[in-house]
Amino acid sequence: MDGFEQRKSGMEQPTTSATDMYKQPFVIGVAGGAASGKTAVCDMIIQQLHDQRVVLVNQDSFYHNLTEEELARVQDYNFDHPDAFDTELLLCVMDKLKRGEAVDIPKYDFKSYKSDVYPKRRVNPSDVIILEGILVFHDPRVRELMNMKIFVDTAVALHIKLFSADADVRLARRIRRDTGEKGRDIAVVLDQYSKFVKPAFDDFILPTKKYADIIIPRGGDNHVAIDLIVQHIRTKLGQHDLCKIYSNLYVIQSTFQI
Ligand SMILES: [N-]=[N+]=N[C@@H]1[C@H](O)[C@@H](CO)O[C@H]1n1ccc(=O)[nH]c1=O
């Protein structure tokens with residue numbers, strides 16, 4: 001049956017082939033302020049989707065290498081600015097993953113500020129890709145890749161807590177994380193926080209909240225929100241599976257003209 005007869009029969013060929021359209025992974029963006037609980041939310045979603053192939057991509061993996069002069073004045077470098085990330089590389093990696101190809105992702109080293117110290121991480125194609133980072137909603141091209149956008153809203157509480165009675169809890173957590181895993185000293189962390197992290201949250205991160213499909217207060221402690229999110233993902237994955245079955249049937253039907 002040629003194209004004309006197919007159209008007449010209402011079986012016209014879709015522009016992208018049916019199978020390609022539906023085998024694409026479900027992409028979830030998780031944004032929010034630094035130390036807002038994004039990682040905890042991702043971990044809980046991944047844990048609840050243990051029966052699915054899920055991969056986590058961190059925006060922090062795409063920090064630009066610092067030049068020698070930037071290294072010399074690292075206390076003046078703004079790691080919270082959108083330009084600190086290699087978004088072109090991120091888009092290239094996400095495009096390959098969406099097309100079902102494996103990719104190698106750099107691993108950024110917070111101690112040396114370099115992304116070519118550690119070996120790259122091989123990431124295989126998955127049913128679900130979670131893209132987590134403070135500014136994953138900033139670039140519209142990255143936002144367009146996402147099927148679901150989650151904003152972890154603890155950062156506002158973080159700032160309130162930082163200047164409220166129990167500020168020590170949040171600030172201690174950030175200092176412990178930055179001086180522990182990231183090998184920073186307290187003075188640098190506090191200085192960076194007031195000079196870059198807080199202003200960047202107000203200037204670049206908070207304005208992306210409007211793009212979210214769902215906003216989670218309290219981050220990883222919010223089990224109700226995470227259960228709702230996982231249910232939604234499962235529903236969508238179910239639809240994906242149904243579409244896969246449909247598209248495979250379509251391919252069989254059009255191949256064998258039944
Ligand atoms: N501080 N500060 N700013 C950023 C940002 O808040 C957070 C992003 O995950 O990691 C922090 N960050 C990033 C790269 C780096 O080398 N050091 C660092 O502290």
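Atoms within a ligand are numbered from 1 in the order they appear, just like the ligands themselves. All residue numbers in this chain count up from 1 along the given sequence.
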Counting from 1, what ligand 1 atoms have a heavy atom of [X] closer than 4.0 Å?
X: Ala34; result: 6 (O)
X: Tyr108; result: 14 (C), 15 (C), 16 (O)
X: Val197; result: 1 (N), 2 (N), 3 (N)
X: Tyr113; result: 16 (O)

Looking only at distance, does Gln192 have an N or O less than 3.5 Å from an N or O of ligand 1?
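Looking only at distances, the answer is yes, because the N/O contact criterion of under 3.5 Å is met.
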Students often mix this up, so state it plainly: with edges at 30° and 60°, are the rings of Tyr108 and Tyr63 parallel, tilted or perpendicular?
tilted
What is the ring orientation for Phe151 with Phe137, classed by angle as parallel under 30°, tilted 30 to 60°, or perpendicular over 60°?
tilted
Considering only the protein, which heavy-atom contact is closest to [atom], and what is its distance?
atom: atom 18 (C) of ligand 1; answer: Arg184 NH1, 3.4 Å
atom: atom 11 (C) of ligand 1; answer: Lys182 NZ, 4.1 Å
atom: atom 6 (O) of ligand 1; answer: Asp80 OD2, 2.7 Å
atom: atom 9 (O) of ligand 1; answer: Asp60 OD2, 2.7 Å

Rounded at 0.5 Å granularity, tell me how far NZ in Lys107 sits from CG in Asp60.
10.0 Å
Results of salt bridge (Lys or Arg N to Asp or Glu O under 4.0 Å) for Asp76 - residues two or more places apart only
Arg73, Lys195
For Leu228, the other hydrophobic cluster members (4.5 Å side-chain criterion, sorted by chain and number) are Val224
Have a look at Phe110, Tyr63, Phe196 and point out the one with the heavy atom closest to atom 15 (C) of ligand 1.
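Considering heavy atoms of Phe110, Tyr63, Phe196, the nearest to atom 15 (C) of ligand 1 sits in Phe110.
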Do the side chain of Asp109 and the main chain of Ser112 share a donor and acceptor less than 3.5 angstrom apart?
yes
Could you verify whether a donor N or O on one side chain and an acceptor N or O on the other, from Asp227 and Gln48, lie under 3.5 Å apart?
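There is such a pair between these side chains.
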